[in-house]
Amino acid sequence: MGRLPAHRSTRGEGSGELKQIIRSEARRLGFKLCGFAPVQPPPHGEFVRRWLHDGYAGTMSYLGRGRKKRLEPALVLPAARSVVTVGFPYRRAPAPGLDWREQLRGRIAAYASGPDYHGVVLAKLEQLAAVMRAHGSHATRAYVDTGPILEREWAGLGGLGWVGKNTMILHRHEGSWFFLGEIFTDYEFDPEPIAADHCGSCRRCLDLCPTGALQPGHLLDARLCLSYLTIEYRGAIPRPLRPRLGEWIFGCDICQEVCPWNEKPSRAVAANEALFPYLPELLALDTAAYQRRFAGSAVSRARRDCFVRNVAVVLGNTGNPQAVPVLAGALAHDASALVRAHAAWGLGQIAGAAARGALGRARRRESDAGVQSEIAAALERAPLASAAASL
Ligand code: SF4
């Protein structure tokens, strides 16, 4: 590996050689994509400012708190002149090959089914940054969804792909199944060509999003997005949106799965318990068991109560009377009012005499007003015979 003179500006002569060194090291580390972006105000800064102002970020107030740094990259690392931007692939889930309603199975987004990417990808980025320092960069700072930066802006500026209508970075060969990472550096690299937008007139992601969270103009209303609702949002999921969760208990891959640029079935990982877990077991997890079960996974970053809340909703969405005993157990015994409230809702969705019985017993002993109101609403809409029983 040829060592370059320790100067910070590598524009012109030397830039290409160092880029090659970084690209080949990135490839060795498993990064499928690698690009170079000049540090500049983000091209869509005004769009992001308006998006935050208009409330599309929902309760993700940390996005607003980090706004200044997101919009002024010089504040991230004053010496930075370029951003090395990379894509680390992960495998999409296969078609489930099972009836989730019948088998009481939920779904976890593909990215979260393996080891926590934050640690895995950051460790590799740090190795790449070490190589850059060995070639004279005096300042590097690495990010993998770990700081106040607009990752997709850098990926776009670095030539990794275009921002699709599903708001993901899309690459003609790699689709969107990759994590983004960035290294800010005081090197000044020649910029990469910007990728053209290849979405064309396709609008599959907009049409098939179960909640209408995607709007034309690359606008994502996070408040409607299942990834936000199941991972970030900590309150009661709005009742009209609960059926829209379908089988998703953590994240949602629909707008990636339906994208034509992601149609590469050979890249799917085999179906397994991490992707399609058995819901009754998850509903019974207390905090310690939850941490044990998802140790080392991105799922452990969510709160146990919120995760189990999602499980209760999806059990309700199965409409399967076999879910009644576990939902009744959660309604009777779970320490979290959030979980009990969603267990009540789930019972209301399944309905039938057993579900109504559990709701009636809970109504007599429940002391939390919010849960009481869920029980009342569930009893109101739950007929004596379950929908599944009448099929
Ligand atoms: Fe819609 Fe799911 Fe995509 Fe969110 S992740 S925008 S809910 S399809």
Side-chain angles (χ1 to χ4, degrees), residues 44 47-48 51-52 54-60 63 87 89-96 100 105-114 117 145 150-152 155 161-171 174-180 197 199 202-263 268-269 275-277 298-299 301-302 306-307 309-311 313-314 316-317 342:
H44 302 100
F47 179 90
V48 173
W51 185 80
L52 287 168
D54 292 345
Y56 289 114
T59 57
M60 294 185 284
L63 292 177
Y90 63 92
R91 290 193 285 176
R92 61 176 293 172
W100 62 275
R105 297 269 168 185
R107 272 196 79 175
I108 289 181
Y111 83 86
S113 68
Y117 66 96
D145 193 17
L150 296 174
E151 295 198 292
R152 278 169 285 188
W162 73 97
V163 179
K165 291 178 185 174
N166 62 1
T167 74
M168 311 288 289
I169 288 285
L170 293 171
H171 183 273
E174 299 302 326
S176 62
W177 302 106
F178 49 84
F179 303 112
L180 294 175
D197 185 326
C199 280
C202 174
R203 38 174 297 134
R204 280 197 211 171
C205 55
L206 279 79
D207 293 341
L208 294 171
C209 169
T211 59
L214 290 167
Q215 296 168 24
H218 304 98
L219 183 66
L220 171 71
D221 187 343
R223 296 166 299 184
L224 297 176
C225 174
L226 300 189
S227 290
Y228 165 79
L229 288 167
T230 58
I231 300 172
E232 300 277 352
Y233 183 62
R234 294 186 174 167
I237 297 174
R239 281 184 206 156
L241 293 176
R242 293 176 196 171
R244 309 288 176 89
L245 261 64
E247 72 267 48
W248 294 98
I249 57 172
F250 189 90
C252 166
D253 284 337
I254 293 173
C255 57
Q256 293 199 85
E257 290 182 339
V258 301
C259 175
W261 294 103
N262 275 329
E263 283 172 355
V269 70
L275 286 163
F276 304 103
V299 177
R301 291 173 171 257
C306 297
F307 181 81
R309 167 200 67 186
N310 306 338
V311 172
V313 169
V314 174
N317 288 343
H342 289 74

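Read the numbers this way: they start at 1 and go in the same order the structure lists the ligands and their atoms.
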Quick one: look up the protein heavy atom nearest atom 3 (Fe) of ligand 1 and list residue, atom name and how far away it is.
Cys255 SG, 2.3 Å
Among non-hydrogen protein atoms, atom 1 (Fe) of ligand 1 lies closest to Cys209 SG, 2.3 Å
Main chain of His218, side chain of Lys165: is a donor-acceptor contact present, judged purely on distance under 3.5 Å?
no
Logged contact type for Leu220 with ligand 1, heavy-atom cut-off 4.0 Å, is side chain
With a 4.5 Å limit on heavy-atom distance, are the side chains of Ile254 and Pro210 in contact?
yes
Proximity flag Leu214 to ligand 1, non-hydrogen atoms under 4.0 Å:
yes
Would the Tyr90 and Phe178 ring centres measure less than 6.0 Å apart?
no
Checking only N/O/S atoms, does Cys252 have one that is under 2.8 Å from atom 3 (Fe) of ligand 1?
no
Going by the atom numbers of ligand 1, which of them fall below 4.0 Å from some non-hydrogen atom of Ile254?
8 (S)
Give me the nearest non-hydrogen protein atom to atom 4 (Fe) of ligand 1 as residue plus atom name, then the distance to 0.1 Å.
Cys225 SG, 2.4 Å
Distance from atom 7 (S) of ligand 1 to nearest protein heavy atom, with residue and atom:
Leu226 N, 3.2 Å
Check: Asp253 and Trp248 side chains under 4.5 Å, non-hydrogen atoms
yes
Are the side chains of Arg92 and Glu257 in touch, meaning some heavy atoms are under 4.5 Å apart?
yes
Around atom CZ of Arg152, are there more than 12 heavy atoms of other residues, nucleotides or ligands at under 6.0 Å?
no
